[in-house]
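Let me begin by presenting the structure, written as structure tokens, before commenting on it.
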Amino acid sequence: MEHKNSSGNTITFLGTAGARFVVTKQFLASGGLWLSLDGVEILVDPGPGCIVQSTKRKLRAEKLNAIILSHRHLDHAADTNIMVEAMTQGGFKPNGWLFAPSDALETEPVIFSYLRNFLNGIEVLQEGKSYQIGNISFTTPIKHIHPVETYGMIFTTSEHTFSYIADTRYFDDLCQNYKGELLIINVVFLEPRPTIDHLSLPDARHIITELKPKVAILTHFGMTMWRSKPWEIAQRLSEETGVRVLAARDGMKFDLSQLDNS
Ligand SMILES: [Zn+2]
């Protein structure tokens, strides 16, 4: 196997917990995703414990170029302030960008006002826009159906494209808007729960079948998913869909070069 880029392209799962009890009991960690892409470091959805999970894994916040929030819910944004503080070395070295939906920044903002000045800037996420962080670009193709303003993302590196479907209720446009070689998908429920705006396993199966990525990674597990052993679910989904489906584990590092031989 050839490694074209010495810095590598990896996604580290700083947590796989979704929904309240798995997060509040910390049955699973909830630190978000740490992306190392073509030398650019990006933190997505720093939930509770992100500072603990990232330092434990020797991921250096002062190297971060950006923090992106899919939405303002606690399990995605609780550690935003401390991670901004770490990214900017306590404010002594202004650094990095924060990307977030407008409702995360306006009334009851997720970031303290004194920390805003430590950033290079804040960008508001909007439907259908694209954004640049060094050599990496990402788009927020569509607004999700969730109680607060929420976006998923499609990231493009020099060699790969991958999508992240953050919290949402199922709607058909998800199946058109998140094409990529890799799909990371937040699957909270084992069975559909129509009154709650989260994806269930049957939703994920349908979305994966429609999008046909090379690899799909399930994460953000609620209690029903966790009790049913996500790795066994992933194995069954692989057989049913013909797509290689993995269940994320806390601390799992996925190297994008795995997509080259899929
Ligand atoms: Zn949410």
Side-chain angles (χ1 to χ4, degrees), residues 11 13-35 42-51 53 67-84 98-111 124-127 138-155 163-171 173-174 177-178 183-204 207 216-226 230 247-248 250:
I11 299 168
F13 291 81
L14 296 177
T16 55
R20 267 157 234 193
F21 296 111
V22 182
V23 175
T24 56
K25 303 283 185 194
Q26 288 288 293
F27 290 135
L28 296 168
S30 49
L33 305 172
W34 189 295
L35 316 179
I42 301 170
L43 175 62
V44 179
D45 284 349
C50 182
I51 188 72
Q53 297 300 326
I67 297 172
I68 306 173
L69 309 184
S70 64
H71 66 298
R72 61 171 295 131
H73 279 158
L74 265 184
D75 51 337
H76 297 255
D79 271 16
T80 301
N81 286 301
I82 189 62
M83 293 313 294
V84 168
L98 176 67
F99 296 82
S102 62
D103 76 346
L105 300 166
E106 289 164 359
T107 46
E108 203 178 56
V110 297
I111 178 162
V124 176
L125 298 178
Q126 289 177 284
E127 185 175 68
F138 76 96
T139 62
T140 42
I142 192 160
K143 190 186 269 190
H144 287 190
I145 303 175
H146 203 54
V148 297
E149 192 179 352
T150 305
Y151 300 99
M153 294 137 218
I154 304 175
F155 292 90
S163 314
Y164 166 49
I165 299 185
D167 295 5
T168 185
R169 162 187 292 276
Y170 175 82
F171 58 110
D173 285 350
L174 294 171
N177 282 279
Y178 285 104
L183 172 67
I184 298 166
I185 182 165
N186 287 358
V187 188
V188 172
F189 298 128
L190 188 67
E191 306 285 350
R193 291 187 60 184
T195 55
I196 305 181
D197 290 339
H198 275 298
L199 295 175
S200 65
L201 182 58
D203 297 328
I207 292 167
I217 302 179
L218 315 178
T219 188
H220 210 60
F221 305 123
M223 200 66 100
T224 53
M225 280 293 288
W226 178 239
D250 287 351

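Counting starts at 1 for both ligands and their atoms, in listed order. Since the model is a prediction, treat every value here as computed from it, not as a measurement. Note that the numbering runs from 1 along the sequence shown for the chain.
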**OP:** Establish, from distance only, whether the side-chain atoms of H71 and H144 form a donor-acceptor pair under 3.5 Å.
**Re:** no

Original post:
Within less than 2.8 Å of the Zn ion (ligand 1), any N, O or S from H71?
Top reply: yes

**OP:** Answer yes or no as to whether an N/O/S atom of D197 is found below 2.8 Å from the Zn ion (ligand 1).
**Re:** no

**OP:** Would you mind naming the N, O or S atom of H73 nearest to the Zn ion (ligand 1)?
**Re:** ND1

Original post:
Could you state the interatomic distance from CG (N177) to CD1 (I154), rounded to the nearest 0.5 Å?
Top reply: 7.0 Å

Original post:
Should P48 and V23 count as side-chain neighbours, where that means a heavy-atom distance under 4.5 Å?
Top reply: yes

Subject >> Single hit among Q126, E149, R72 for side-chain hydrogen bond (donor to acceptor under 3.5 Å, both in side chains) with S102 >> reply: E149

Original post:
How about H198: does one of its N, O or S atoms come closer than 2.8 Å to the Zn ion (ligand 1)?
Top reply: no

Original post:
So which N/O/S atom does D167 have closest to the Zn ion (ligand 1)?
Top reply: OD2

Throw together a table of side-chain donor-acceptor distances under 3.5 angstrom for residues 184-204, partners on residues two or more places apart or in other chains.
residue, atom, partner, partner atom, Å
N186, ND2, Y164, OH, 3.3
N186, ND2, D167, OD1, 3.1
D197, OD1, R169, NE, 2.7
D197, OD1, R169, NH2, 2.9
S200, OG, D203, OD2, 3.1
D203, OD2, S200, N, 2.9

